[in-house]
Peer 1: 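Supplied in structure tokens, the structure appears directly below.
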Amino acid sequence: MTRATDYTNEAQQRLLRLIDLLAGHELQGLAPAAIAKALGCSPSVVTKDMANLQAAGWAEREPVNNNWRLGPHLIRMSIRHALALNTARQAFDDIVQRYSRT
């Protein structure tokens with residue numbers, strides 16, 4: 001992958017691609033070999049990346065088959081985002097209501 005700017009980093013970009021890859025596999029997860037193949041990297045790199053995501057709460061092992069899946073951190077982050085959007089929407093609606101009075 002070519003760098004978009006001098007500020008990008010291949011390892012960080014790979015982690016972001018890994019998060020995207022895991023999305024949609026919350027029930028069964030993905031095996032490390034499948035992750036490595038999809039990302040075009042070695043299984044040892046996947047092990048290191050998954051350890052970093054797990055330490056941050058972004059990934060976890062699926063208990064039945066030991067595959068990797070996204071952890072609850074992403075869901076909690078999504079809920080915070082939705083709450084912030086709802087708060088902004090309520091503030092906007094209040095402004096519209098205030099200026100719509102005749």
Side-chain angles (χ1 to χ4, degrees):
M1 176 179 207
T2 58
R3 291 172 53 167
T5 69
D6 288 337
Y7 303 112
T8 60
N9 174 282
E10 178 56 32
Q12 291 172 350
Q13 292 299 310
R14 187 182 58 250
L15 279 173
L16 294 171
R17 289 192 312 272
L18 176 50
I19 292 165
D20 280 340
L21 176 65
L22 292 174
H25 297 279
E26 288 73 23
L27 295 179
Q28 297 294 320
L30 289 174
I35 295 169
K37 183 177 179 181
L39 295 179
C41 63
S42 70
S44 64
V45 168
V46 170
T47 299
K48 292 174 188 174
D49 286 349
M50 294 311 304
N52 278 288
L53 290 176
Q54 185 176 34
W58 282 71
E60 63 186 10
R61 290 278 194 165
E62 198 284 318
V64 174
N65 59 23
N66 216 25
N67 285 345
W68 286 102
R69 65 183 179 189
L70 291 176
H73 177 76
L74 186 61
I75 302 301
R76 288 192 290 270
M77 200 167 76
S78 297
I79 291 169
R80 288 193 316 263
H81 180 71
L83 290 172
L85 288 176
N86 189 46
T87 299
R89 179 64 173 176
Q90 287 174 349
F92 177 76
D93 288 346
D94 290 345
I95 291 169
V96 169
Q97 186 74 352
R98 187 174 40 194
Y99 288 102
S100 297
R101 294 183 189 142
T102 54

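Keep in mind it's a predicted model, so treat the numbers as computed, not measured.
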Peer 1: Can you tell me how far apart CZ (Arg14) and CG (Asn9) are? Round to the nearest 0.5 Å.
Peer 2: 8.5 Å
Peer 1: Applying the 4.5 Å side-chain criterion to the ILVMFWY set and letting contacts propagate, would Val45 and Leu39 be lumped into a single cluster?
Peer 2: no
Peer 1: For Gln28, look at atom CD and say whether over 12 heavy atoms of other residues, nucleotides or ligands are found less than 6.0 Å away.
Peer 2: no
Peer 1: To the nearest 0.5 Å, how far apart are CD in Gln97 and CG in Asp94?
Peer 2: 8.0 Å
Peer 1: Treating Glu26 as the side-chain partner and Gly24 as the backbone partner, does any N or O pair qualify as donor plus acceptor under 3.5 Å?
Peer 2: yes
Peer 1: Of all heavy-atom pairs between Ala38 and Leu21, which one has the smallest distance, and what is that distance?
Peer 2: CB-CD2, 3.7 Å
Peer 1: May I ask you to test the Arg98-Ile95 pair for a side-chain heavy-atom distance under 4.5 Å?
Peer 2: yes
Peer 1: Looking at side-chain heavy atoms only, is the closest gap between Trp68 and Arg61 below 4.5 Å?
Peer 2: yes
Peer 1: Below 4.5 Å, heavy atoms only, C-beta onward: do Gln13 and Leu16 meet side chain to side chain?
Peer 2: yes
Peer 1: Heavy atoms only: give me the nearest Asn52-Lys48 pair and the separation to one decimal.
Peer 2: ND2-O, 2.9 Å
Peer 1: Identify the two heavy atoms, one from Pro43 and one from Ala36, that lie closest to each other, and give their separation to 0.1 Å.
Peer 2: N-CB, 3.9 Å
Peer 1: Quick check for you: to the nearest 0.5 Å, what is the distance between Gln12 atom CD and Asp49 atom CG?
Peer 2: 11.0 Å
Peer 1: What's the separation between atom OG in Ser78 and atom NE2 in His73, rounded to the nearest 0.5 Å?
Peer 2: 9.5 Å
Peer 1: Taking side chain as C-beta onward, heavy atoms only, is Met50 less than 4.5 Å from Leu30?
Peer 2: no
Peer 1: How many angstroms lie between atom CG of Leu74 and atom CD1 of Ile79, to the nearest 0.5 angstrom?
Peer 2: 10.0 Å
Peer 1: When you compare the side chain of Ile75 with that of Leu70, does any pair of heavy atoms fall below 4.5 Å?
Peer 2: no
Peer 1: In Å and rounded to the nearest 0.5 Å, what is the CD1 to CZ distance from Ile19 to Arg17?
Peer 2: 11.5 Å
Peer 1: Is Asn67 close to His25 at the side-chain level, that is, under 4.5 Å between some pair of heavy atoms?
Peer 2: no
Peer 1: Hey, are the side chains of Trp58 and Met77 touching, using non-hydrogen atoms and a 4.5 Å cut-off?
Peer 2: yes
